[in-house]
Structure formats: structure tokens, C-alpha cells
Amino acid sequence: MSMQASKTTGIEKETLVTMYRKMLEIRRFEEKVWHLFGRNLIPGTLHLYIGEEAVAVGVCANLKIDDYITSTHRGHGHCIAKGADLKKTMAEILGKKTGYCKGKGGSMHVADAALGNLGATAVVGSAIPIAVGAALSCQLRGTKQVVACFFGDGASNNGTFHEALNMAAIWRLPVLFVCENNLYAMGTRISNVTAIENIADRASAYGMPGVIVDGNDVIEVYRAAKEAVDRARNGGGPTLIECKTYRHKGHSRFDPAKYRPPDEVEEWMKKDPILRFRNTLIEEGVLTEKQADEIDRQITETVEEAAQFAVKSPYPQPEEALEDVFVKLR
Ligand SMILES: Cc1ncc(C[n+]2csc(CCOP(=O)(O)OP(=O)(O)O)c2C)c(N)n1
Ligand SMILES: [Mg+2]
């Protein structure tokens with residue numbers, strides 16, 4: 001046993017293994033999506049979540065099926081972490097009729113009301129007030145549901161962030177503001193546009209707890225989110241959780257990310273959240289190497305099936321464009 005022997009204490013084995021599966025699902029899914037893009041099967045562009053999997057998975061592991069999430073242009077991971085079907089997600093990204101939004105949303109607009117995924121939007125910062133509105137609805141209906149709102153460091157400089165946090169705090173709304181601080185907004189380094197070191201420091205200005213976590217450590221994210229979810233469900237109001245993380249790829253499929261210093265990239269690659277979690281699980285006897293490999297093999301196969309399903313599915317017809325514009329939430 002190593003120094004890390006107590007890292008997983010108190011977390012059920014089933015939860016740990018599910019989190020490992022989900023992180024790998026996101027990774028293998030996105031590697032596949034990257035490949036399919038290269039075959040010209042995906043319209044538009046892609047913003048990959050590779051490297052940030054621990055954030056969505058650690059947060060969503062604390063959510064129930066009827067809790068809500070809002071997502072971003074980098075949203076495939078949020079969606080899968082909330083329990084999305086890989087076939088329907090893949091089909092949506094390929095613009096196919098069998099996708100979550102019948103192929104009319106695409107990579108940046110996957111939504112699934114049945115799983116509480118209120119949807120991704122590519123307008124930076126625009127989902128933050130939507131999450132607050134959803135949390136107000138939970139409070140008014142007295143349902144004990146909570147909302148997790150994912151957004152980036154760049155979004156935290158939008159007016160929407162500040163207005164939304166203020167409103168959530170005064171009304172003590174059940175919402176987790178999850179900032180994925182990956183150090184960049186497109187090619188802009190955070191230090192060029194943000195005068196403070198930690199986004200979480202802004203929480204006190206609105207009157208809510210702010211916590212900083214290692215966003216590449218799923219267990220840390222899980223524990224911080226658990227505390228925030230418990231507080232929100234019990235009427236204690238919102239929390240800002242800043243997850244320090246890094247995207248392995250460029251901003252989008254077209255960005256080679258030459259603006260990042262090579263040693264910085266190398267440093268973060270060593271902190272790969274999946275490798276770290278795998279090592280912890282093996283060191284602490286939760287999984288054997290063989291079991292971890294077997295999980296990976298199964299997931300690779302499932303992702304391949306999802307890709308085949310999506311590729312073979314038909315496109316929607318032009319006359320269907322105005323159908324399903326509004327969805328009824330429960
Ligand atoms: C309101 C708005 N402004 C600008 C853009 C262009 N844009 C798309 S993603 C992005 C950067 C977002 O950075 P961040 O919030 O840190 O998220 P990340 O991409 O790092 O996950 C920008 C500026 C946009 N989509 N919407
Ligand atoms: Mg960013």
C-alpha cells in the first residue's frame with residue numbers, strides 16, 4: 001500500500017468503478033469523435049473534453065437522474081457523465097435523425113430532458129442564468145432537486161456569471177457553479193484577462209462558499225461536489241467550485257494550440273486524470289490491472305458500436321426543421 005492508501009476511504013466501490021467507467025467512456029468516445037471528424041462525417045467543429053473528464057464525472061456522480069445540468073460548447077463529457085446513451089449522443093454529433101435532438105442540435109447543443117440535461121449552448125456564459133432559473137423552479141416546486149452548472153474560466157468574466165451568482169446567493173438556490181478552469185479561453189491565457197489567481201475567490205463577493213479543487217483528481221472533485229450537493233438539497237444555497245484542469249487538445253478541432261508552452265503541456269499530460277485514477281484504484285485494491293484493462297476493452301467496443309450506429313443512421317429531412325422546437329420538462 002502506498003501513501004495514497006486512504007484516498008478512496010468512505011466511497012463505495014460501486015461508485016468508484018462507475019466513475020472510472022464514465023471517465024473512460026468520455027475519453028474513448030471523444031477519441032472516436034476526433035477520428036470521425038477526420039473522415040468528414042461531422043458538420044461544424046468540435047471542442048473536446050479530453051483531459052477534463054474528472055470534473056463532469058466527479059460532479060455528476062453526486063446527482064440523481066432528475067437533478068439538472070447545464071452545459072457548454074465543450075459538452076460531450078457533461079452529457080455522458082449525466083448518463084447519456086452513447087449511441088444517441090454520437091448520432092447527434094453526426095447530425096443524424098437518431099440523435100438526442102434528431103440531428104438538429106449537433107455537437108454543441110446536445111440536450112436530454114429525460115436525464116435532466118437542460119442542454120448545452122455555445123454562447124459562452126449563457127447557460128449560467130439558465131441554471132439559476134432551473135434552480136429557482138426546483139425551489140418553488142419544493143422538489144429537492146439540484147442543478148449543476150458547468151462553464152469555463154472564460155465564461156466567468158461574462159456579465160451573466162456575476163448576475164447569476166448574485167441572484168442564486170440572495171435566494172439561496174440549489175445550484176453548483178462548476179468552473180472548469182483550464183487556463184485558456186480559446187488562445188487567451190487566463191492571466192491576461194483575469195487579475196486574480198482563483199475564480200473561486202469571487203464566491204465570497206456574492207456570499208456563497210467557494211472551493212478550489214484539483215480538477216484532475218476525480219476523488220477530490222467528488223468529495224467537494226458531495227458537500228455542495230448536500231448543502232444545496234438541504235436549503236443551504238449555492239456553491240462555486242473551481243476545478244483546476246487542462247484540455248489535452250486545442251480549443252477546437254482546428255486549433256493546434258501553439259500558444260501553449262511545451263513544458264506546460266507536458267506537465268499537465270503527466271497529471272492525466274484517468275491514469276491517476278486508474279493507479280489509485282489499483283494501488284488501493286479496488287481493481288486489478290486485468291479488471292481495469294477489461295473495462296477499457298468493453299468500453300472501446302461499446303464506443304465502436306455507437307459509432308457504427310451513428311454512421312449508418314439517416315439524416316433528418318429539411319421539412320422536419322421546425323418540429324420539436326420546444327420540449328416539455330418534467
Ligand atoms: C458570448 C460569446 N463570446 C465569444 C464566443 C466565442 N468563444 C467560443 S468558446 C470561447 C472560449 C470559452 O472559454 P472558456 O469559458 O474558458 O471555456 P473552454 O473553451 O476553455 O472550455 C469563446 C470566446 C462565444 N461562443 N460566445
Ligand atoms: Mg477555459
Side-chain angles (χ1 to χ4, degrees), residues 23 26-27 29-30 33-34 37 43-60 69-81 93 105-111 119-131 148-165 176-202 212-216 221 240-261 264-265 267-269 271 273:
M23 287 170 73
I26 298 170
R27 177 70 57 97
F29 181 92
E30 291 219 300
V33 164
W34 172 272
F37 190 92
T45 188
L46 283 176
H47 306 85
L48 296 184
Y49 199 62
I50 293 179
E52 304 186 14
E53 296 92 343
V55 179
V57 170
V59 170
C60 290
I69 62 164
T70 63
S71 173
T72 68
H73 55 284
R74 200 175 301 290
H76 309 158
H78 308 140
C79 199
I80 294 171
I93 293 169
S107 163
M108 284 181 269
H109 301 100
V110 185
T121 131
V123 180
V124 171
S126 65
I128 312 178
I130 294 172
C149 167
F150 296 98
F151 57 91
D153 47 288
S156 77
N157 283 335
N158 276 34
T160 49
F161 167 88
H162 300 275
E163 295 178 37
L165 264 73
L176 275 66
F177 296 103
V178 183
C179 180
E180 301 174 323
N181 183 353
N182 59 12
L183 301 180
Y184 293 89
M186 299 185 79
T188 304
R189 203 186 158 78
I190 182 171
S191 51
N192 292 335
V193 288
T194 308
I196 53 171
E197 173 92 18
N198 304 309
I199 305 293
D201 292 346
R202 293 178 171 168
I212 301 167
V213 297
D214 177 346
N216 281 25
V221 177
L240 172 59
I241 303 176
E242 176 184 5
C243 303
K244 307 275 193 192
T245 186
Y246 203 75
R247 52 170 154 76
H248 286 189
K249 305 278 188 193
H251 168 69
S252 68
R253 184 63 163 83
F254 299 110
D255 170 22
K258 298 278 194 222
Y259 45 83
R260 305 194 300 192
E264 176 187 284
V265 178
E267 212 35 58
W268 279 95
M269 290 300 174
K271 293 193 270 189

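Residues take their numbers from the sequence shown, with the count starting at 1. Read the numbers this way: they start at 1 and go in the same order the structure lists the ligands and their atoms.
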Protein N/O/S atoms under 2.8 Å from the Mg ion (ligand 2): how many?
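For the Mg ion (ligand 2), protein nitrogen, oxygen or sulfur atoms under 2.8 Å: 3.
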
- Contact residues of ligand 1 with a heavy-atom cut-off of under 4.0 Å?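 Around ligand 1, where the cutoff is 4.0 Å for heavy atoms, the contacting residues are His73, Arg74, Ala122, Val123, Val124, Gly152, Asp153, Gly154, Ala155, Asn182, Tyr184, Ala185, Met186, His251.
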
Practice item. Please list all pairs passing the salt bridge (Lys or Arg N to Asp or Glu O under 4.0 Å) test where one or both residues lie in residues 178-198, with sequence neighbours left out. Key: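 Sorted pair list: Arg189-Glu264.
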
Ring-plane angle category for Tyr49 and His78, please: parallel below 30°, perpendicular beyond 60°, tilted otherwise.
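Tyr49 and His78: perpendicular rings.
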
Discussion item. For a 4.5 angstrom cut-off between non-hydrogen side-chain atoms, does Arg74 reach Phe150?
Written reply: no

Between Leu48 and Arg247, is any pair of side-chain heavy atoms under 4.5 Å apart?
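Leu48 vs Arg247: side chains apart.
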
Residues passing the side chain to side chain contact (heavy atoms under 4.5 Å, CB included) test with Asp153, sequence neighbours excluded, are Asn181, Asn182, Ala185, Ile190

Distance, nearest 0.5 Å, that separates CD1 of Ile241 from SG of Cys149:
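Reported value, rounded in 0.5 Å steps: 11.5 Å.
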
Between the OG atom in Ser252 and the CE atom in Met186, the distance rounded to the nearest 0.5 Å is 6.5 Å

### Message
Under a 3.5 Å distance rule, please check whether His162 uses its side chain to pair with a backbone N or O of Ser156 as donor and acceptor.
### Response
yes

Handout entry: N/O donor-acceptor pair under 3.5 Å between Asn157 side chain and Thr194 backbone
Key =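 Checking the backbone N and O of Thr194 against the side chain of Asn157, no donor-acceptor pair under 3.5 Å is found.
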
